[in-house]
Amino acid sequence: MNYISVAVDGPAGAGKSSVSKTVAKDLGYTYIDTGAMYRCVALFAIENGIDIKNDVPTLIAGLDGIKIDMRNTGDGQRVYLNGLDVSERIREEDVSVGASDVAVIPEVRVKLVDMQREMAKSANVIMDGRDICSHVLPDAQVKIFLTASIEARAKRRYDELCRKGIECDFEKIKSDIAYRDKNDSEREVSPLKKAEDAVLLDTTELCFDEVVEKIKELIINVV
Ligand code: DC
């Protein structure tokens, strides 16, 4: 059986995961959040006192000890690191910045990309990340590059944290996003870049439902 793969790339805070999750639910696809996998590696480093930037060999030596499980629930996905549910912890700011730092390490990418390709072999998937269209699933039937201005992305993240009652600072969120944009797009291995054959969707002026509908249309056109 041939499965459908939908690849969604874009910078931090563009809304990739919330939009992809909704589209996956509506169409009965499996949602795969590859950023969560890089976040798990970062959390593993933080919990084991490994200095991500200055002690890469220790992190690489520890990679075989990292077991990541993504379990789909009715309305999304729970993420387990070595058997523990870390779904909320991996969203915290120290892990966000750490994830961008571990993502420049080629050995980390090879391990996670292998896992991601395996996952796409046995189901219709919507996979989001930074290198999905260009590298992980170059044969995906639908490819989308989702972006928005940095102001809009920082504002969405700020509003999301405020809604959850988490104290935060808008300028700090914006500068963290700018740091990750730079890191993700300037790294040597699989930098964040729109694939030539990906459809560009700028969501700065679009509401959530409009983005979901546009992506569903693109999928429905190919199936
Ligand atoms: O999508 P996210 O913000 O949860 O991703 C966290 C970090 O992981 C991000 O800064 C870049 C990295 N990442 C990556 O390099 N490649 C992917 N396919 C997914 C995420």
Side-chain angles (χ1 to χ4, degrees), residues 5-21 24 31-46 52-53 56 59 63 66 68 70 76-79 81 86-120 125-138 140 143-148 150 152-154 156-158 160-161 168 173-195 198 201 203 211:
S5 293
V6 180
V8 183
D9 287 325
K16 299 181 300 293
S17 56
S18 43
V19 166
S20 302
K21 224 181 270 177
Y31 167 57
I32 302 169
D33 174 2
T34 63
M37 299 163 86
Y38 290 89
R39 288 169 182 271
C40 281
V41 175
L43 180 57
F44 174 86
I46 292 168
I52 297 170
K53 288 192 131 173
V56 173
L59 180 57
L63 282 180
I66 300 179
I68 301 166
M70 323 270 276
Q77 177 185 66
R78 304 296 298 173
V79 183
L81 170 61
V86 294
S87 312
E88 276 78 33
R89 174 67 181 98
I90 57 167
R91 301 292 151 199
E92 291 176 24
E93 218 47 39
D94 58 337
V95 181
S96 300
V97 172
S100 185
D101 290 332
V102 300
V104 306
I105 304 170
E107 289 82 352
V108 170
R109 303 202 70 85
V110 168
K111 175 183 166 102
L112 299 187
V113 168
D114 280 351
M115 285 176 63
Q116 291 154 12
R117 289 186 176 145
E118 254 339 283
M119 290 170 169
V125 298
I126 297 185
M127 187 180 284
D128 77 11
R130 303 293 190 286
D131 58 343
I132 312 303
C133 299
S134 54
H135 182 61
V136 180
L137 303 175
K143 295 184 179 182
I144 296 158
F145 190 85
L146 202 67
T147 189
I150 187 162
R153 291 185 281 132
R156 286 176 197 162
R157 175 79 182 140
Y158 176 80
E160 182 191 339
L161 291 174
C168 56
I173 290 174
K174 198 168 133 190
S175 71
D176 280 353
I177 289 182
Y179 171 83
R180 291 167 62 200
D181 280 357
K182 188 167 167 11
N183 232 9
D184 296 345
S185 43
E186 291 182 359
R187 67 172 177 237
E188 279 183 23
V189 197
S190 306
L192 168 69
K193 188 169 166 270
K194 179 187 162 305
L201 256 185
T203 70
V211 183

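Ligands are counted one by one from 1 in listed order, and the atoms in each one are counted from 1 as well. All values below were derived from every heavy atom in this structure, side-chain atoms included, with hydrogens, water molecules and symmetry-related copies excluded. Nothing fancy with the numbering, it's 1 onward along the sequence.
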*Asks:* Give me the one residue out of Val86, Leu112, Val102, Val95 that meets side-chain contact (heavy atoms from CB on, under 4.5 Å) with Cys40.
*Replies:*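 That would be Val86.
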
*Asks:* Check whether Arg187 reaches the backbone of Ser190 with its side chain - one donor and one acceptor, N or O, closer than 3.5 Å.
*Replies:*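 Present.
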
*Asks:* Which of the numbered atoms in ligand 1 are under 4.0 angstrom from any heavy atom belonging to Ser100?
*Replies:*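 With Ser100 as reference, the close atoms of ligand 1 come out as 10 (O).
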
*Asks:* Going by the closest heavy atom to atom 1 (O) of ligand 1, which one wins out of Arg39, Arg130, Met127?
*Replies:* Arg130

*Asks:* Which ligand 1 atoms, with their elements, are less than 4.0 angstrom from a heavy-atom of Gly129?
*Replies:* 17 (C), 18 (N), 19 (C)

*Asks:* Could you check whether any side-chain N or O of Ser87 sits under 3.5 Å from a backbone N or O of Val79, counting only pairs where one atom can act as donor and the other as acceptor?
*Replies:* yes

*Asks:* Between Arg156 and Thr203, is a side chain to side chain donor-acceptor pair (under 3.5 Å) present by the stated rule, with each step listed?
*Replies:* CA-CA 11 Å; Arg156 286 176 197 162; Thr203 70; 3.1 Å; yes

*Asks:* Which ligand 1 atoms are under 4.0 Å away from a heavy-atom of Ala103?
*Replies:*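 Those qualifying, in numeric order: 12 (C), 15 (O).
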
*Asks:* Any heavy atom of Gln116 closer to ligand 1 than 4.0 angstrom?
*Replies:* no

*Asks:* For Arg180, which part has a heavy atom under 4.0 Å from ligand 1: side chain, backbone, both, or neither?
*Replies:* side chain

*Asks:* Starting from atom 10 (O) of ligand 1, locate the nearest protein heavy atom and write down its residue, its atom name and how far away it is, to 0.1 Å.
*Replies:* Asp184 OD2, 3.0 Å

*Asks:* For the side chain of Lys143 and the backbone of Ala195, is there at least one donor-acceptor N/O pair under 3.5 Å apart?
*Replies:* no

*Asks:* Testing the 3.5 Å rule here: is there a donor-acceptor pair between the side chains of Asp184 and Ser100?
*Replies:* yes

*Asks:* Tell me the protein heavy atom at minimum distance from atom 8 (O) of ligand 1, and give that distance in Å.
*Replies:*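 Result for atom 8 (O) of ligand 1: Tyr38 CB, 3.4 Å.
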
*Asks:* Using a 4.0 Å heavy-atom threshold (strictly under), name the region of Arg109 that reaches ligand 1: side chain, backbone, both or neither.
*Replies:*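 Within the 4.0 Å criterion, Arg109 contacts ligand 1 through side-chain atoms alone.
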
*Asks:* Where is the nearest protein heavy atom to atom 7 (C) of ligand 1: which residue, which atom, and how far?
*Replies:* Ala99 CB, 3.6 Å

*Asks:* Is it true that Arg89 and Asp94 have a side-chain N and a carboxylate O under 4.0 angstrom from each other?
*Replies:*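 The answer is yes: the pair qualifies as a salt bridge.
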
*Asks:* Taking all non-hydrogen atoms of both residues, which atom of Phe145 and which atom of Ala198 are closest, and how far apart?
*Replies:*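 Where Phe145 meets Ala198 most closely, the heavy atoms are N-CB, 4.2 Å.
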
*Asks:* Going by the closest heavy atom to atom 18 (N) of ligand 1, which one wins out of Ile32, Asp131, Val97?
*Replies:* Asp131

*Asks:* Of the protein's non-hydrogen atoms, which lies at the shortest distance from atom 19 (C) of ligand 1, and what is that distance?
*Replies:* Thr34 OG1, 3.3 Å

